[in-house]
Amino acid sequence: MLRINKGIFRAYDIRGIVDEDFDEAWVRELGRACGAFFIRRGATRALLGHDCRASSPGYQQVMAQGLAATGLDVLCLGQVSTPVFYFAARHLGFDAGVMITASHNPSEYNGFKVWSGRSTIHGDDVLAIHDLMAAGDFPTGSGMVSVHDILPTYAEDLLSRVTLARPVRVVVDGGNGSSGDLTADILEAAGAEVVRLYCTPDGSFPNHHPDPVVEANMEDLKAAVVEFGADFGVGLDGDGDRIGAVDETGRLMYGDQLLAIYARDLLRELPGAGVVADVKCSHLLFRDVEAHGGTAEMCVTGHSIVKDRMIETGAAIGGEMSGHMFFFHGYHGFDDATFGALKLAGIVSRAERPLSAFLADWPTVFNTPEIRMDCPEAIKFEVVARAQAHFKARYDVIDMDGARVEFGDGWGLVRASNTQGALVLRFEAESADRLKEIRAIMEPPIRGWIAELGG
Ligand SMILES: [Zn+2]
């Protein structure tokens, strides 16, 4: 009987520690459970891909065996980024598959993103796979396993969508994840001059953590952009679905600033287009979209939620502070840091001013990055409920996802992390003093509720 840690079946994926939460025998059984799930939904074949972690190729092999044992034919892509996997699923018409990756998590982790229909599953569907696995009652059959190299088709698709007006110079920091060389190769093929930093895939992530929105990880990229006189730099996360950008002065841009730049470019082409951004983004982004003739909409944080909201509202582009950028207009409607890098190269190549000057008309604001406050899983939603009630009695509060407290000259957000036993906070204000005041209004009571509820 296989031991199954239910805790690793999470909101958006199955993720745990290699040789502790799962091993190859376990992953083979997971393959059979996924096979059962897919067959119930009418699938006859499944797609597999994996990131650059040491355990990933072996997991692809046993997962393929598990899926084939339920009767599904299996197509293995080998080592690819998550967006390349999404691209292959769309391009080859798969409505079932598994991408083996733990995104930006440390090297001891691995995980599984399950594709069904036209997107990755979340919530109850992830738990359904757990239940199927625990029940152990799988269909039997003997599917065929084959391999396919999708990269040439992917590269051709991207290159047909963006033309550079001049050969911009770009530093690419791959963080030794799955999409460094891929992104650098495509930028070069488009005519950019590329400086490669940590582009070789290495699942031990020897240089820095592959999370490009954490400033500490981007110090080498910032220095290299300045040293090589580059037009900009891009940082990629471990599985290539999140992007961070550094302007030519070596300053790291936040996800909301980057989204504003993509949105302005889009709105020139498609006036009135819808732009969806998560609740962590600056009010300056929403204001900027409206000022450039777009329709801005705020939504709950979480990449599947942003994607779903975009489909519902017919939005053309969307994004998150976390660096997930979803390109619907002019692309396939998923988050892709490689396409994001190429798109940014196109925008910068046509501009008369450097990237640092794009948002020069934004007022100076003082803000914090995302702040993580430890808060046990069991009480995090209760703490958020208390925050909503407390602040609603005193201020304007947007409560779609935690409490975003609007102070007129600034705002503060507290929400429960989707992925960790933590709260996520962010603050912004028009002066440094006001920022301090807003934090002093919000943080002490939140700490108090955590202590009171037993954190
Ligand atoms: Zn990722």
Side-chain angles (χ1 to χ4, degrees), residues 8 10-16 18 48-53 55-56 59 77 79-89 97-115 119-122 126 154 172-183 198-199 201-205 207-214 217-218 221 234-245 252 254-255 258-259 278 280 301-307 318-327 331-341 369-370 372 417-420 424:
I8 69 172
R10 306 157 358 119
Y12 295 108
D13 59 3
I14 302 155
R15 191 184 295 175
V18 172
L48 281 182
H50 67 82
D51 72 9
C52 63
R53 288 162 198 274
S55 56
S56 294
Y59 285 177
L77 298 169
Q79 188 190 294
V80 288
S81 67
T82 294
V84 168
F85 173 87
Y86 294 158
F87 174 82
V98 181
M99 175 67 195
I100 299 162
T101 180
S103 187
H104 62 279
N105 278 60
S107 52
E108 62 270 27
Y109 283 82
N110 211 333
F112 309 88
K113 292 183 180 176
V114 179
W115 175 275
S119 193
T120 48
I121 63 168
H122 49 95
V126 181
Y154 172 77
V172 175
D173 182 340
N176 299 105
S178 316
S179 67
D181 274 333
L182 172 70
T183 303
Y198 316 139
C199 279
D202 178 345
S204 68
F205 307 123
N207 292 294
H208 63 73
H209 213 61
D211 185 345
V213 294
V214 174
N217 299 328
M218 294 289 99
L221 176 61
V234 288
L236 309 165
D237 90 323
D239 66 332
D241 58 4
R242 294 187 301 123
I243 182 170
L252 180 67
Y254 287 134
L258 190 54
L259 179 57
D278 81 313
K280 287 189 250 177
T301 295
H303 63 276
S304 320
I305 301 169
V306 175
K307 229 188 281 188
E320 286 192 318
M321 274 301 284
S322 63
H324 283 284
M325 298 288 151
F326 305 88
F327 303 94
Y331 197 56
H332 303 283
F334 51 75
D335 39 342
D336 184 339
T338 300
F339 181 68
E370 286 181 45
R372 294 199 165 260
S417 166
N418 288 336
T419 52
Q420 289 173 304
V424 178

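Remember, it's 1-based here, ligands and their atoms both numbered in the order they're listed. Heavy-atom basis, side chains included; hydrogens, waters and symmetry copies ignored.
In this structure, OG1 in Thr301 is found 9.5 Å from CE in Met321, a value given to the nearest 0.5 Å. To the nearest 0.5 angstrom, Arg10 atom CZ is 14.0 Å from His122 atom NE2.
Applying the ring pair (Phe, Tyr, Trp, His ring centres under 6.0 Å) criterion to Tyr331, with sequence neighbours excluded, gives Phe334, Phe339. In this structure Phe87 satisfies the ring pair (Phe, Tyr, Trp, His ring centres under 6.0 Å) test together with His91, Tyr154, His332, sequence neighbours excluded. Here Val424 pairs with Lys280, Glu370, Arg372, Arg415, Ser417 under the side-chain contact (heavy atoms from CB on, under 4.5 Å) rule; sequence neighbours left out.
Of all protein N/O/S atoms, those under 2.8 Å from the Zn ion (ligand 1) are Ser103 OG, Asp237 OD2, Asp239 OD1, Asp241 OD1, and waters are not counted.
Judged by distance alone, the side chains of Asn217 and His104 never bring a donor and an acceptor atom under 3.5 Å apart.
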